[in-house]
Amino acid sequence: MLLIRCPYCEEERPEIEFRHAGEAHVARPSDIASISDEEFEAFFFIRANTRGTVYERWRHVNGCARFFNAVRDSVSDRFIMTYKAGDPKPKKLPGV
Amino acid sequence: MTKAGAKTVQEAVGAERRPALGGQDMSARGVKVAVLPPANRVSLRVPEEAVASLSRALGVALPQKPKTSAAKDGRTVFWLGPDEWFVFDEQGGDALADCGKAKGLHSAVDVSHRNVAFAVSGPGAEAAIAAGCPQDLALAAFAVGACSRTVFGKAEILLYRVSEQEFRVECWRSFSGYVFGLLGEGARDAAA
Ligand SMILES: [Zn+2]
């Protein structure tokens, strides 16, 4: 079982307490009614789906219930780091 | 409607409270699982600036550290999340009414009848719970007074270490049959 560090619980917890919640740092348009269909498609449906380092939202659903962000390797599935929701994308990753 | 008919209707609306699994227990060598009596329970959300106000109103300081609890005069408060607490009162106190006295902004919901609580005790209690709970329950990681929302098998639970060899397990009422059954299995395995 993977151990995932929750930035709110401040410790590593078993993966089955967590739920994956899609790509992180997808900015919602400030005026969604004014954007074109193409812009809406890009915002709503198109995801980077990177091979390697990915930035994802996770939720500690059966724990503190908070959403947070995780940096993960999509090839090895290794968690590189986690940080609180609303924090900026980390500039420097540990051990990378 | 006849007189007799009216009487039948009146009798039918009488409500009877039946606690889930009321009074049941099971024992294996070194572990006892008991269904605890009903308690007063509140699900509480409080923004940072109102924490002091709610602590005063409840008579217990809301714990600020993850996985910790606070207790005073039969009332216990669990830290569940950065702005979320769970309060239960076993001595008949009305925690919801006390929250209502607080000036600070908050959300308090009475969930007394939503949950069923179990006491799991004895030298095998830790092993019995570990049968379905993936958290590290060793005393060094899950100390006396520690509490957490987590899972037990397929059900969500609140876990609280009352003493070295006693845990309180709370689950939603509709999961109580499953949780009680799996605790029993865990207790038998721990005894084996
Ligand atoms: Zn958490």
Side-chain angles (χ1 to χ4, degrees), chain A residues 1-28 30 54-91 93-95, chain B residues 43-48 51 62-69 77-86 107 109 111 114-115 129-143 145-161 169-172 175 178-179 182:
Chain A
M1 188 178 295
L2 288 173
L3 291 174
I4 303 170
R5 183 184 163 83
C6 172
Y8 296 100
C9 292
E10 297 168 359
E11 67 173 8
E12 289 188 332
R13 298 277 284 264
E15 66 170 300
I16 57 170
E17 289 185 356
F18 295 85
R19 195 163 298 167
H20 176 261
E23 189 176 313
H25 303 291
V26 176
R28 191 178 183 80
S30 53
V54 292
Y55 296 78
E56 297 170 326
R57 299 177 79 217
W58 281 73
R59 187 179 181 209
H60 194 186
V61 61
N62 295 122
C64 65
R66 272 351 86 138
F67 283 89
F68 61 92
N69 293 330
V71 190
R72 217 165 55 86
D73 188 305
S74 62
V75 178
S76 68
D77 282 336
R78 190 170 75 86
F79 277 80
I80 297 161
M81 68 175 290
T82 58
Y83 51 103
K84 289 179 178 174
D87 284 359
K89 218 171 184 171
K91 287 199 175 71
L93 298 176
Chain B
S43 166
L44 186 63
R45 302 292 298 266
V46 186
E48 207 177 329
V51 166
L62 301 183
Q64 297 293 304
K65 266 187 66 180
K67 230 168 81 172
T68 62
S69 65
V77 184
F78 296 167
W79 181 99
L80 290 187
D83 62 356
E84 185 181 0
W85 289 267
F86 177 79
S107 153
V109 180
V111 292
R114 186 191 71 184
N115 285 18
I129 293 168
C133 178
Q135 276 202 37
D136 186 352
L137 301 180
L139 205 55
F142 208 93
C147 61
S148 177
R149 184 158 43 202
T150 181
V151 291
F152 185 67
K154 298 286 180 186
E156 182 176 280
I157 58 162
L158 299 182
L159 183 63
Y160 172 49
R161 190 171 213 142
V169 176
E170 295 241 352
C171 68
W172 286 29
F175 291 94
Y178 170 81
V179 169
L182 194 57

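Below, all heavy atoms of this structure are taken into account, side chains as well, without hydrogens, waters or symmetry copies. Just so it is clear: chains get the letters A, B, ... in the order the sequence lines come, proteins before strands, and each one is counted from 1.
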K.L.:
Please tell me if the side chains of Arg149(B) and His60(A) come closer than 4.5 Å, counting only heavy atoms from C-beta onward.
P.N.:
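No, every pair of side-chain atoms sits at 4.5 Å or beyond.
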K.L.:
Thinking salt bridges, do Glu84(B) and Arg66(A) make one under a 4.0 Å N-O criterion?
P.N.:
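Here Glu84(B) pairs with Arg66(A) in a salt bridge, since their nearest N and O are under 4.0 Å apart.
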K.L.:
Would you give the length of the straight line joining atom CD of Glu17(A) to atom OG of Ser148(B), rounded to the nearest 0.5 angstrom?
P.N.:
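The OG atom of Ser148(B) is 5.5 Å from CD of Glu17(A), to the nearest 0.5 Å.
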K.L.:
Taking atom CZ of Phe18(A) as the centre, does the number of heavy atoms from other residues, nucleotides or ligands within less than 6.0 Å exceed 12?
P.N.:
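Enclosed: over 12 neighbouring heavy atoms sit under 6.0 Å from CZ of Phe18(A).
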K.L.:
What part of Asp136(B) is in contact with chain A, defined as an atom under 4.5 angstrom from a non-hydrogen atom: side chain, backbone, both or neither?
P.N.:
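For Asp136(B), neither part sits under 4.5 Å from chain A.
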K.L.:
Return yes when atom CZ of Arg19(A) has more than 12 non-hydrogen atoms of other residues, nucleotides or ligands closer than 6.0 Å, and no otherwise.
P.N.:
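Open: at most 12 neighbouring heavy atoms sit under 6.0 Å from CZ of Arg19(A).
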K.L.:
Considering all heavy atoms of both residues, which atom of Gly81(B) and which atom of Cys64(A) are nearest to each other, and what is their separation?
P.N.:
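Looks like CA-CB, 3.8 Å.
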K.L.:
For Trp79(B) and Tyr8(A), work out which heavy atoms get closest and say how close.
P.N.:
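Scanning both residues, the minimum pair turns out to be CH2-O, 3.9 Å.
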K.L.:
From Asn62(A) CG over to Lys154(B) NZ, what is the distance, rounded to the nearest 0.5 angstrom?
P.N.:
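Rounded to the nearest 0.5 Å, the CG-NZ separation comes to 11.0 Å.
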K.L.:
Can you tell me which portion of Glu12(A) sits under 4.5 Å from chain B's heavy atoms? Options are side chain, backbone, both or neither.
P.N.:
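No part of Glu12(A) comes within 4.5 Å of chain B.
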